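Computed from a predicted structure; not experimentally measured. Reminder, nothing fancy here: chain letters follow the sequence lines and each chain counts from 1.
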Number of protein chains: 2
Amino acid sequence: MPTEEKTRPDADAASRMHATKQRLIGAGLQMLLKHGYNDTGIQALLAATGTPKGSFYHHFRDKEDFALQVLDNYMAAVHDALDACLQDASRPPLARVRDFFETTQRSYREEGYMGCLIGGLGQELSGISDVFRSKIAECFAAIAERIAGCLEEARERGEIAGDCDPRAMADLLVDCWEGAALRSRLERRPDALNTMLDFYMGAVAAKGEVATSTEAVAPTMGRR
Amino acid sequence: MPTEEKTRPDADAASRMHATKQRLIGAGLQMLLKHGYNDTGIQALLAATGTPKGSFYHHFRDKEDFALQVLDNYMAAVHDALDACLQDASRPPLARVRDFFETTQRSYREEGYMGCLIGGLGQELSGISDVFRSKIAECFAAIAERIAGCLEEARERGEIAGDCDPRAMADLLVDCWEGAALRSRLERRPDALNTMLDFYMGAVAAKGEVATSTEAVAPTMGRR
DNA sequence: CAATCGGAATAGACCGGTCGGTCTAATCGA
DNA sequence: TCGATTAGACCGACCGGTCTATTCCGATTG
């Protein structure tokens, strides 16, 4: 493993985690995705997993600590997906970025189009908890940072305009994705996600220039 | 007033509304924006407005009914802003659309960058309540519908590509806006909103063609 | 190898507080 | 006078969290 990040939570930590704790975090992800934070009850979580209360408060300080750990777990999975998609040097950078979001979209479908946990908790809690607000802002920043790296590559290769700011474009992409994810949650279908991706890819792709890539990046645009 | 819509809730209804009910809805908007639905307590609302419980349950069936009415009120304000911004036939259609979102952004600032109530409630409740889910989907659809009308005008005038689907582009704009609104809520600043607007306007504007408009639509792009 | 020790983990009764909602009575205003 | 509205005591349910008791299981012994 290359020394790519200073301190990213071990993606492999799950394997060393106690089975009960893993069960709680797994079920917690589903419940937090569907119900949000305030409507997720500890009792309901324990009932759903057949866990006694003592175990929960042995593994977690309190509900907030629990949700933060679920979020860490979620972020680890996101970073795994980023690793899997963005590091394939044989593909054009822009196609790799698109691949990441298509992978993400697939995971949304598997969860019944409940959208993104980060966005969900961010929307619900950023008004009342600075802990969550800053944590979630950091999550988005971390994702955007990695995408920005890939966009920088794309810029150097002439896939996107040479005078654009990759980091700003990455932030923008993440933001728009979250909006489309909310819409897909409301509609229980992925259309908004696809439309958004097509639009973005079509808009950033440097047109009529060298564009060495033969891989199609934005098949259609502006049509649902 | 022109017969523009079949049945849109009377924007002027507030003036005929009982003072107590108005107070509750006004305070409810602030509380729902900041705390979300589940963390907004009836008791806290009553304490904040100095209202006895009897009054609340006289004017509202229950908490859900209350939140839906706050949402109706919010939507009426949105439609007012749409009226004010989109109907000025003397300005280019695309500039009118941009004007609406800049007006919206101003109102976000006034509320301390708490983002959009529709998006907030949508994110929090769409997983557990079909009432809210469909209601909020309709809210977005209604907004997109009106923007689509303006985009259609823009298309006819050649401000945007002739072969694009105005309705899809309007949905997309609303979705991306919501995503940027979440980011602006997390960061307590409007940057993400501006970046998103600039990017969208720059991307849809038909380039190098007739483009009769002399009004700048997207001053900068891709820079924060 | 068996006995045992001790912390980790499980188990669930229990607690005070707050939740949304109900009910009856008093008061207001046309 | 009479319905609309205000007033607030009251309710059962459930919330997150605490506490003590028990069980589990690997390390430490003789």
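In this structure, B:T51 reaches neither bases nor backbone, as no heavy-atom distance under 4.0 Å exists between it and the strands shown. Looking at heavy-atom distances under 4.0 Å, A:G54 makes contact with a base.
Aromatic ring centres of B:Y200 and B:F101: separated by at least 6.0 Å.
Per the geometry, NZ belonging to A:K21 stands 13 Å off P belonging to C:dA8, to the nearest Å. The interatomic distance linking A:Y57 (OH) with D:dT20 (P) rounds to 17 Å, in whole Å. Going from atom NE2 of A:H58 over to atom P of D:dC19 covers 17 Å, rounded to whole Å. At whole-Å resolution of the value, CZ in B:F60 and P in C:dG20 are 15 Å apart. Rounded to whole angstrom, the span from the CG atom of A:L45 across to the C1' atom of D:dC14 amounts to 16 Å. One interatomic measurement links the two molecules: CD of A:Q43 to P of D:dC15, which rounds to 5 Å at whole-angstrom precision. Taking atom CG on A:L46 and atom P on D:dC15, their separation rounds to 11 Å, with Å as the unit. When rounded to the nearest whole Å, the span between NE2 of A:H59 and P of C:dA11 equals 11 Å.
Checking B:S55 against A:G41, the closest nucleotide of DNA chain D that is more toward the 5' end is the one next to B:S55.
Looking at the side chain of A:T20, the nearest of the listed nucleotides C:dG12, C:dG21, C:dA9 is C:dA9.
Remark: A:K63 qualifies as a cation-pi partner of A:Y37 under the 6.0 Å distance and 45° angle criteria applied to the six-membered ring.
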Salt bridge (charged side-chain N to carboxylate O under 4.0 Å, His left out) assessment of B:D99 paired with B:R96 | CA-CA 5 Å; B:D99 187 39; B:R96 283 181 250 159; over 6 Å; no
Would you check, one step at a time, whether the test side-chain hydrogen bond (donor to acceptor under 3.5 Å, both in side chains) holds for B:R23 with B:T51?
-> CA-CA 9 Å; B:R23 262 191 3 248; B:T51 313; 2.9 Å; yes
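Residue side chain A:K63 does not reach the base of D:dG17 through any donor-acceptor N/O pair under 3.5 Å, judged by distance alone.
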